[in-house]
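This report concerns only the one structure given below.
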Amino acid sequence: MQIVFDNLGGFGDAMVVTIELTLMSFAVAFFIGVLVAGFRVSPVPPLRLVGTFWVETLRNTPVIVLMFLFFFGLTKVGVKYSAFTSAVIVLSAYTSTFVAETVTAGINAVAKGQAEAGRALGLTFPQLLGLVVLPQALRTVVAPLGSVFIALIKNSSIAGFFTVAEIFGFAIRLNQENERPIPIFAGAAVAYLILSLPTGWVVGLIERRVAIKR
Amino acid sequence: MRARRASSTSLLGDELGPRGRRRVAGATVVSLVVIAAVVFVAAMRFADHGQFRAALWRPLTQWSIVRFLLGGFVDTLKAAAVGMVLAMVIGAVMALARLAGHRAVRWPAVAYVEFFRAVPLLLLIFFIFVGPPTWDVHPSVFQALVGGLAIYNGAVLGEIFRAGILSLDRGQGEAASAIGLTHRQAMTFVILPQAARRMAPAIVSQLITLLKDTALGVIITFDDALRRADNIGTFYNNRLQAFLFVALCYIAVNLVLSRISHRLEVQQRRLGAAPIDVVGVDDLAVMSISATADE
Amino acid sequence: MRSHRNNRLWTIPVLVAVLCLTAAACGSSSKKAAPAASSTTVPPTFPAGTTMADIQARGKIKVGIKYDQPGVGLRNPTNNSFEGFDVDIARLMAIGIFGGTMDTIDSKIEFIEAVSANREPFLQNGNVDIVVASYTINDTRKQVVDFAGPYLLAHEDILVKTADSSIKSVGDLNGKKVCSVAGSTSEKNVVAKAPQVQLTSFDVYSKCAEGLTDGRVVAVVTDGPILAGFVAKSNGEFKLVNAPFSDEPYGIGLKKGDDVFRAFLNDRLEKIEADGQWAKAFQATLGKLGLAVPTPPAIDRYGTVGASSTTTSSSSTTSTTVKTAPATTTAPVAEPTTLPAEETTTTPTTTP
């Protein structure tokens with residue numbers, strides 16, 4: 001275990017990179033996901049098509065295939081970003097599908113009466129979505145979104161294989177130099193636990209605070 | 001008047017009036033134009049970089065190359081099959097342990113599930129490959145991949161099984177003991193069959209996730225379709241095309257599986273069962289919300 | 001109604017299974033059926049208990065090679081076949097155990113991809129019997145595995161875009177983005193010789209070559225033969241800087257402590273070097289890339305009686321004393337060979 005304590009600084013830096021990666025990806029994924037969810041329930045058929053296409057293609061492909069495609073494939077058409085940026089783009093695209101699915105289910109769970117009342121007031125579709133439905137839907141889906149966030153923390157480990165110095169990547173490089181896989185990777189696992197367990201508690205807190213008291 | 005599909009107005013609650021229809025028509029046109037523009041720009045980008053050249057696409061139309069790629073898929077399916085079976089066994093054990101009476105049996109199961117669901121699967125697979133050699137145990141690439149898949153998905157399936165069993169009405173268990181069945185008989189003839197039917201869509205959903213996760217094997221040089229696509233890409237300089245092909249294969253297989261899962265779920269709902277509440281499971285996040293609309 | 005639905009659902013797994021089976025069946029039929037051995041090479045018999053006897057009894061030898069290095073070790077997806085100098089050396093070793101010819105020996109070999117970082121683990125695990133994968137001999141590695149050979153003396157060089165003339169030697173790499181592979185000697189050497197280098201490490205060199213094409217890195221550092229393969233494949237896009245640094249003797253990796261097997265492999269290497277098969281293999285693979293056939297380096301039988309002078313690599317790893325293996329008492333497999341007369345090693349000339 002000494003090797004872990006000797007490299008606490010390195011692990012700490014790696015955890016910061018993981019946090020950055022996760023937060024940035026989730027922010028973008030949330031934005032795209034809500035947008036795509038809006039598309040999927042929209043009355044405009046091409047938008048529904050785009051939403052369905054986005055979700056069905058990206059959700060059914062392994063995230064590592066997407067990384068290969070983006071990092072090594074799309075460079076052929078000049079789409080070239082650093083490893084960190086590529087990871088953020090791919091992870092946000094992939095995670096946005098889960099956000100979209102979750103938010104869609106949340107939208108569908110909002111009582112029909114709300115939408116009807118909104119229509120009775122003469123709201124247009126975007127107003128209906130933005131002022132009435134989404135605020136209620138989002139409060140319902142805090143818990144599933146929290147689990148999507150934790151899944152993203154775990155998926156960020158993919159970036160380590162593509163040379164990003166986050167927790168998994170750091171552990172691999174450390175192991176190469178020192179050949180002490182058990183303490184090093186146990187340390188990496190603990191690092192992920194340190195990130196995901198408190199997140200779970202915070203999500204639970206938020207959920208209880210914003211829950212709609214029916 | 002052509003009847004509109006119910007889902008297109010499910011959110012709005014009623015038919016659109018003439019103004020609304022005009023707006024929607026306008027939005028349709030605008031969005032079609034935008035989509036066409038995006039596709040056009042992407043295609044031009046591809047063409048400018050010569051990525052439409054036949055030389056890059058031809059290898060993927062040759063049966064020998066395609067067979068080479070599909071051979072990789074066979075390995076993927078093998079790993080997924082073995083992994084799923086092992087995961088179901090582990091999941092069953094964990095679920096029963098968590099529902100047991102004794103704390104000494106429950107707590108290790110809880111610890112197992114919480115730990116392995118918080119750790120990335122990638123880390124687990126890599127660890128199983130490089131860790132045990134220190135203790136003189138040498139897993140092969142296949143064994144490390146399957147082991148990681150089984151351990152992780154066993155934890156998730158354990159939660160699914162437990163939720164499935166718990167989702168049953170208490171009345172079923174009470175009725176079973178009322179007619180004199182022992183606990184074991186009640187489980188075998190009354191509870192488990194019903195729970196199994198309810199869990200079917202969730203299990204198929206997890207199978208999709210497991211299939212996607214087998215692709216992680218490339219990190220420990222598992223010779224699957226992705227690695228072979230990389231090989232092809234190096235050989236013919238057509239990495240972009242090769243990876244697109246592999247992505248399409250995965251999408252095709254998973255679309256079929258998700259249709260099955262959806263059909264199972266619809267069937268369950270028609271029978272009156274509520275979707276099982278498994279909060280916190282990655283792909284099942286949506287199932288925890290009682291959806292009212294059939295898509 | 002319910003049974004109708006259940007019936008339909010069962011067809012899906014059946015379809016998938018049928019698909020798998022046909023793909024697998026078609027896949028296996030792609031391997032060329034080995035015709036009756038047209039050669040007169042009779043497989044030798046080995047004393048019971050030796051690795052060679054075990055491999056012979058098993059019917060296949062498991063060889064770790066590279067899958068993505070043209071000219072050195074490459075898997076051809078068209079027919080799932082393998083080509084390259086390392087591959088031919090492995091075939092010649094296998095012929096020493098099973099007999100046969102170069103055309104028929106593939107049925108007795110199971111090729112496995114051994115990326116640089118996995119070479120030692122695979123040997124320790126027993127996943128492979130030998131590793132012939134641009135495997136540089138050095139003292140650090142000798143602590144965990146043994147080496148037969150060397151069978152080629154390579155030197156590290158630098159690969160850049162043809163238009164790039166700013167990099168003339170390894171010292172110029174300071175401050176530049178350079179790519180190498182995790183677990184290789186090149187990784188350590190370039191950091192030692194150019195401490196301010198910005199190093200990117202992937203798991204295989206083909207990804208580095210991609211990185212060079214895409215502009216993610218400006219140079220790739222590894223052994224000359226490997227780079228020559230990428231130059232040849234690049235259609236003029238890449239060139240070798242031709243400023244070799246460090247010696248990289250390639251050896252056949254095998255499990256540590258197996259001195260009988262090592263002696264067998266060394267003897268076999270000497271034989272193919274003497275009777276021209278080594279040169280023929282070089283000509284057919286690396287020779288096609290424009291490299292002139294060099295003189296094979298002297299075999300290093302370290303730790304046993306009658307060791308020749310060694311060609312050690314100048315890697316910057318800490319040098320520790322090599323544990324000498326105790327002399328084995330089983331009868332040697334081949335007749336004892338005499339010390340090779342010449343000990344000079346010439347550097348292979350590389351043409352960009």
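Everything quoted here is computed from the prediction, not taken from an experiment.
Most heavy-atom pairs under 4.5 Å with chain B: of the set Q114(A), E56(A), R180(A), this distinction falls to E56(A). When each of I150(A), N60(A), L58(A) is scored by its heavy-atom pairs under 4.5 Å with chain B, the top score falls to N60(A). Contact tally against chain A (heavy-atom pairs below 4.5 Å) for L255(B), L32(B), V253(B): the top residue is L255(B). Annotation: maximal heavy-atom pairing with chain A below 4.5 Å, among L122(B), L124(B), D48(B), V119(B), occurs at L122(B). Interface check for chain A: of the options D230(B), D213(B), V130(B), the most heavy-atom pairs under 4.5 Å are formed by V130(B). When the candidates V77(A), V63(A), L197(A) are compared by the number of heavy-atom contacts under 4.5 Å with chain B, V77(A) comes out ahead. Taking G233(B), G131(B), S258(B) one by one and counting their heavy-atom pairs under 4.5 Å with chain A, the maximum is reached by G131(B). For chain B, the option among V190(A), L193(A), I153(A), V203(A) with the highest count of heavy-atom pairs below 4.5 Å is L193(A). Heavy-atom pairs under 4.5 Å with chain B were tallied for G146(A), P46(A), S196(A), A120(A); the largest tally goes to P46(A). Considering only heavy-atom pairs separated by less than 4.5 Å from chain B, the leading option among G113(A), G73(A), A186(A), A189(A) is G73(A).
Residues S157(A) and L123(B) form no side-chain contact, since every pair of their non-hydrogen atoms from C-beta on lies 4.5 Å or further apart. At a threshold of 4.5 Å between non-hydrogen side-chain atoms, the residues Y192(A) and P120(B) count as touching. Using a 4.5 Å heavy-atom cutoff, the side chains of L216(B) and P62(A) are not in contact. Side-chain contact between L69(A) and L240(B) is present, with at least one heavy-atom pair separated by less than 4.5 Å. The shortest distance between side-chain heavy atoms of K76(A) and L56(B) does not fall below 4.5 Å.
Atom OG1 of residue T57(A) and atom CG of residue L248(B) lie 9.5 Å apart, to the nearest 0.5 angstrom. The CZ atom of F185(A) sits 12.0 Å away from atom CD1 of I128(B), with the distance rounded to the nearest 0.5 Å.
Neither the backbone nor the side chain of N238(B) has a heavy atom closer than 4.5 Å to any heavy atom of chain A. Proximity to chain A is limited to the side chain of L226(B), based on heavy atoms less than 4.5 angstrom apart. Neither the backbone nor the side chain of R19(B) comes within contact range of chain A; no heavy atom of the residue lies under 4.5 Å from a heavy atom of that chain. With a 4.5 angstrom heavy-atom cutoff, L244(B) touches chain A via backbone and side-chain atoms both. The part of I35(B) that comes within reach of chain A is its side chain, from C-beta onward, which places non-hydrogen atoms under 4.5 angstrom from that chain. Of the atoms belonging to I158(A), heavy atoms from both backbone and side chain fall under 4.5 Å from chain B.
F243(B) has its ring centre no less than 6.0 Å from the ring centre of F72(A).
Remark: side-chain polar atoms of K154(A) are paired, donor with acceptor, to backbone N or O of R117(B) under 3.5 angstrom. Side-chain atoms of K212(B) come within 3.5 Å of backbone atoms of R59(A) as a donor-acceptor pair (strictly under, hydrogens ignored).
No more than 12 heavy atoms of other residues, nucleotides or ligands lie within 6.0 Å of CZ in F53(A), so this atom counts as exposed by the packing criterion.
Of all non-hydrogen atoms in V24(B) and P43(A), the two that sit nearest each other are CG1-O, 3.7 Å.
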- Message: Please determine whether side-chain contact (heavy atoms from CB on, under 4.5 Å) holds for the pair V246(B) and F68(A), giving the CA-CA distance in whole Å, both sets of side-chain angles, and the decisive distance to 0.1 Å.
- Response: CA-CA 11 Å; V246(B) 170; F68(A) 267 89; over 6 Å; no
